[in-house]
Structures are given as C-alpha cells and as structure tokens.
Protein chains: 2
Amino acid sequence: MIGQKIRELREENDFLLRQLAAKLDIDTAQLSKMERGERFFKKEEIIEISRILKADKQELLTIWLADKIYKTIKDEEYVFSALKLVEQKLQ
Amino acid sequence: MIGQKIRELREENDFLLRQLAAKLDIDTAQLSKMERGERFFKKEEIIEISRILKADKQELLTIWLADKIYKTIKDEEYVFSALKLVEQKLQ
DNA sequence: TTAGACTTGACAAATTTTGTCAAACTTATA
DNA sequence: TATAAGTTTGACAAAATTTGTCAAGTCTAA
C-alpha cells in the first residue's frame with residue numbers, strides 16, 4: 001500500500017528505481033522489493049521520499065503506519081475488537 | 001495489559017509464578033517479565049493459559065492482540081488516521 | 001534471619017529482518 | 001531478431017531484534 005503509493009509518485013516524477021534508490025542510498029533491488037511490499041520502508045526513508053518526490057509527508061507516514069498495523073493483524077482473529085480496545089486505550 | 005490480566009487471573013487461581021511457568025514449560029523469570037510487559041506471550045501460550053486458568057480465550061486473545069497493535073503504534077504520530085485507514089482496508 | 005516468591009541484569013541462542021549481488025525476466029526499439 | 005535498459009527474483013550473508021537461561025538480587029512474612 002505505501003509501496004504502491006510511492007511507486008506512483010516515483011513514476012509521476014519520472015524517476016527510475018535506481019535513481020530514487022541512489023538518492024535514498026539503498027540497493028535498487030531493495031527498493032523494488034519495498035515498492036512491492038516485500039520489505040518495509042524505514043520511517044526516515046518515507047520522510048526523505050516525501051521531500052524528494054514533493055509529496056505530503058503526513059499522508060505518506062499515515063499510510064506507512066497503517067501498513068505496519070495491518071501487517072501485525074492480518075492473520076489474526078478478533079481484529080475489530082482489538083482495534084477498539086486500542087482506540088479506547090489511546091483516548 | 002495482557003500481562004496484568006494474566007497476573008490477576010493467576011492470583012485468583014492461587015497459582016505461583018513458578019507453577020504457571022512450569023505448566024507452560026517456560027522459565028519463571030520469563031513469565032515474570034511477560035506479566036510485567038517486558039516480553040511477549042506467544043499466541044499458543046495465551047490459549048494454554050485460558051485453559052489452565054479457565055478464562056475466556058477470546059477475551060484474552062483480544063487483549064493480547066491489542067497489546068501487539070499498541071506496541072507498534074505507541075511512539076508514532078498520525079495514529080488515529082492510520083487506524084482509520086486500517087479499518088477501511090478491513091471492510 | 002531466613003525462607004519463599006518474585007525481579008533483575010547479563011549474556012547466549014534463536015528468529016526475523018535487511019543488505020547485497022548476480023542472474024533472469026520484460027519491454028521497447030533499432 | 002538482437003540488444004539495451006529497467007525491473008524482479010532468489011540465494012545468501014549481515015545485522016537487528018526477540019527470546020531463553022541462569023545467577024544474583026530484592027522484598028516480605030513469619
């Protein structure tokens with residue numbers, strides 16, 4: 001989800017994988033995997049990408065965090081009640 | 001949170017740490033840390049505990065999952081909008 | 001004061017995640 | 001078709017995180 005979003009932004013900005021990877025100082029294969037959701041972006045990378053691709057940092061970080069949450073719950077039961085509990089705790 | 005709940009259940013059932021630890025086949029120190037939230041329970045351990053302490057398995061697993069979610073978001077920004085995104089995705 | 005219950009800290013072991021590279025695949029085009 | 005550029009894949013090493021173990025420590029009740 002965040003990967004797909006970043007791929008869209010990258011293509012809109014006419015960056016090649018290796019160009020964006022170079023700016024982030026990571027391997028092209030790594031970025032390829034990240035965009036396809038096989039590996040995770042670091043928070044700092046998301047912030048850097050929002051700068052490079054002139055995107056809304058808050059939006060990207062929100063999607064990035066949603067991905068992390070989704071990853072921890074995706075194979076679980078009682079997801080909705082757990083989310084409700086979390087929200088209560090956060091109030 | 002799940003640790004606290006389990007400690008309460010354990011004490012209500014008059015189990016010592018080492019007794020419950022023995023039933024779970026883990027180290028007493030480990031269970032001590034788990035009850036105080038320093039380490040995580042495995043899902044299987046929660047299920048086993050619900051059996052041993054005659055507690056509601058669904059309730060315990062829900063709290064356990066809420067803890068996992070909470071752990072991934074607790075130091076982050078944009079938590080509420082991320083949770084909202086996750087809920088949308090789950091619909 | 002000592003015995004039992006629990007906690008703490010250090011470190012090893014195990015597991016998970018990330019980084020790196022070469023080779024393979026895909027697509028556009030000469 | 002052949003080639004080149006871009007991307008993907010898989011294997012494996014390296015790094016990071018989590019878990020397991022033990023000995024020593026604290027705390028409390030008798």
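Being a predicted model, the structure only gives us computed values, none of them experimental. Order of the sequence lines fixes the chain letters, A, B, ..., with proteins taken first and strands second; residue numbering starts at 1 for each chain.
Put simply, CD on B:E45 is 16 Å from P on D:dT18, counting in whole angstrom units. Between B:E38 atom CD and C:dA10 atom P the separation is 12 Å, expressed in whole Å. C:dT16 atom P lies 11 Å from atom NZ of B:K68, rounded to whole Å. Separating the CG atom of B:L31 from the C1' atom of D:dC22 is a distance of 16 Å, rounded to the nearest angstrom. Separating the CZ atom of B:R7 from the C1' atom of C:dA5 is a distance of 10 Å, rounded to the nearest angstrom. To the nearest angstrom, P of D:dT7 lies 10 Å from CG of A:L20. Between the CG atom of A:L16 and the C1' atom of D:dA5 there is a distance of 9 Å, given to the nearest Å.
Between C:dG19 and A:K42, a contact under 4.0 Å exists linking OP1 or OP2 to a side-chain N or O. Between B:R10 and C:dA5 there is no side-chain N or O to OP1 or OP2 distance below 4.0 Å. Within the structure, every side-chain polar atom (N or O) of B:S32 is placed at least 4.0 Å from both OP1 and OP2 of C:dC6.
Taking 4.0 Å as the cut-off between side-chain N and carboxylate O, B:E48 and B:R51 count as a salt-bridged pair. Using a cut-off of 4.0 Å between Lys/Arg side-chain N and Asp/Glu carboxylate O, B:R10 and B:E35 are scored as salt-bridged. Here B:K33 does not pair with B:E38 in a salt bridge; the nearest charged N to carboxylate O distance is not below 4.0 Å.
Counting heavy atoms from C-beta outward, A:I52 and A:F15 have side chains that approach closer than 4.5 Å. Looking at heavy atoms from C-beta onward, B:K71 lies in side-chain contact with B:F40 at the 4.5 angstrom threshold. At a threshold of 4.5 Å between non-hydrogen side-chain atoms, the residues B:E76 and A:K43 count as touching.
Comparing D:dT8, C:dT8, C:dT18 against the side chain of A:L17 picks out D:dT8 as the nearest. Across D:dG20, C:dT17, D:dT8, the shortest atom-to-atom separation from the side chain of A:R36 is found for D:dT8.
The residue B:K71 sits close only to the backbone: its heavy atoms come under 4.0 Å of sugar-phosphate atoms, none of a base.
Using a 4.5 Å cut-off between side-chain heavy atoms of Ile, Leu, Val, Met, Phe, Trp and Tyr, with links allowed through other members, A:Y78 and A:F80 fall into the same hydrophobic cluster.
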For nucleotides 20-23 of chain C, list the nitrogen or oxygen atoms of the protein found under 3.5 Å from its nitrogen or oxygen atoms, one pair per line.
from   : atom 1 : to    : atom 2 : distance (Å)
C:dT20 : O4     : A:K33 : NZ     : 3.2

